[in-house]
2 protein chains.
Amino acid sequence: MKIEDVIQSKAMSLPTKTVINMAYTSSMVEETILAILKPYDLSIQQYNVLRILRGQKGNPANLSTIQERMVDRNSNTTRLVDKLIKKGWVRRQICKNNRRKVEIFITEKGMETLQELDPLTEGNNKALLDNLSETELDTLNRLLDKLRKDEH
Amino acid sequence: MKIEDVIQSKAMSLPTKTVINMAYTSSMVEETILAILKPYDLSIQQYNVLRILRGQKGNPANLSTIQERMVDRNSNTTRLVDKLIKKGWVRRQICKNNRRKVEIFITEKGMETLQELDPLTEGNNKALLDNLSETELDTLNRLLDKLRKDEH
DNA sequence: ATACAAATATTGTAATAACAAATATGAAGA
DNA sequence: TCTTCATATTTGTTATTACAATATTTGTAT
């Protein structure tokens, strides 16, 4: 559907149109990912936490570190981790140096789940974006980075 | 924050990196909008419904029409509309031709609320995207459209 | 030491989203 | 007409999110 059909107004400013376009596109993309995760009884946020922990390459991550890196910061990380623990995919322990902190590790079982999911989400993302060339993907990333005012 | 810091992995494929970048950026943008709507006790979805109804230019919209146009299709439109009715911003009546259908109108009060919000969200969106030139915004929109496989 | 503020995480709760099931109406054919 | 299927919405239920309040531990200044 064209974004003009969605917003039903040609009078909308370019920035506002862009914001709606992003939200709309991003939501469409998320729907497809959700469909892949559903058989694993995994929410997108839980999946993101697992991937963040894998990115730690064996080191634990504090709750606050996870929260910083999460795509959507507003969810409740404690309870998110609870769910992952219940599934045996992560492990939690109190930080020795600073007992206010909590260290979270991904388990072997969690790694295996991610490895099982990798080809599925990779395939999905590739198919989703197959209309864009590599150059266009680079441009899109660059524009998004610039939008967020990344220092290139 | 650079998207590489978020995903913590240089090995990620370009499509997957792009998907994460979009989700991350879009979520950041939504946070700012949410902050604006909060004093009006309005969720983003409720706000979207109001704007969809305004786009009807006096004509009512069926629930199914609203649902089609909504950015996030999964929410429960019936109860979303309930909330807006409670605030006096929309009106609901059963369609005469087809009593299965429901017609939803925006009220004068709803229009006034939107008009009050317009400059706030416009200002927000403009400030959010002020790092991108008009050409870059056009490119971004074009790439998002193409990603969604719009027939240009 | 003590008091007080800051950092970190958990818990409580109300609102919203996700999903399935139920209801009501309409359309089409035996 | 009766049955059956399709459409449109509502309702019920559980999970998740949003946000505020509450510990607990640590750091710092007196």
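Convention: sequence-line order gives letters A, B, ...; per-chain numbering from 1.
Between B:K17 and A:D138, none of the side-chain N atoms (NZ, or NE/NH1/NH2) sits under 4.0 Å from a carboxylate O, so this pair counts as no salt bridge. Remark: A:D145 engages A:R148 in a salt bridge, criterion side-chain N to carboxylate O under 4.0 Å. A salt bridge is defined here as a Lys NZ or Arg NE, NH1 or NH2 lying under 4.0 Å from an Asp or Glu carboxylate O, and A:D118 with A:R54 meets this definition.
Per the geometry, CD1 belonging to A:I66 stands 12 Å off C1' belonging to C:dA9, to the nearest Å. Look at CD on B:E30: it is 14 Å from C1' on D:dA18, rounded to the nearest Å. As rounded to whole Å, 15 Å separates atom P of C:dA15 from atom CG of B:L42. For the pair B:L80 CG and C:dC19 P, the computed distance is 16 Å after rounding to whole Å. In this structure, A:D41 places its CG atom 9 Å from P of D:dA15, rounding to the nearest Å. With rounding to whole Å, B:L37 atom CG is found 19 Å from D:dT17 atom P. Separating the NZ atom of B:K38 from the P atom of C:dA15 is a distance of 13 Å, rounded to the nearest angstrom. As rounded to whole Å, 17 Å separates atom P of C:dT16 from atom OH of B:Y47.
B:Y47 is not listed as a side-chain neighbour of B:I36, based on a closest heavy-atom distance of 4.5 Å or more. Residues A:E116 and A:E112 fail the side-chain proximity criterion, which asks for heavy atoms closer than 4.5 Å. Between A:V19 and B:I33, the closest side-chain pair of non-hydrogen atoms falls below 4.5 Å.
Taking side-chain N and O atoms only, A:Q46 has a distance below 4.0 Å to OP1 or OP2 of D:dT16. Contact between the side-chain N/O atoms of A:S43 and the OP1/OP2 oxygens of D:dA15 is not found at any separation under 4.0 Å.
Sorted by residue number, the members of residues 81-103 of chain A with any non-hydrogen atom under 4.0 Å from DNA chain D read A:K83, A:N98, A:R99, A:R100.
In this structure, the nucleotide among D:dT10, C:dA9, C:dA20 sitting nearest to the side chain of A:S64 is C:dA9. Relative to the side chain of B:N76, the nucleotides C:dT10, D:dC19, D:dG12 differ in distance, and D:dG12 lies closest.
No hydrogens or angles were tested; on distance alone, nothing pairs the side chain of B:N62 with the base of D:dT9 as donor and acceptor under 3.5 Å.
The CD1 atom of A:I66 sits 9.0 Å away from the CG atom of A:L80 when rounded to the nearest 0.5 Å.
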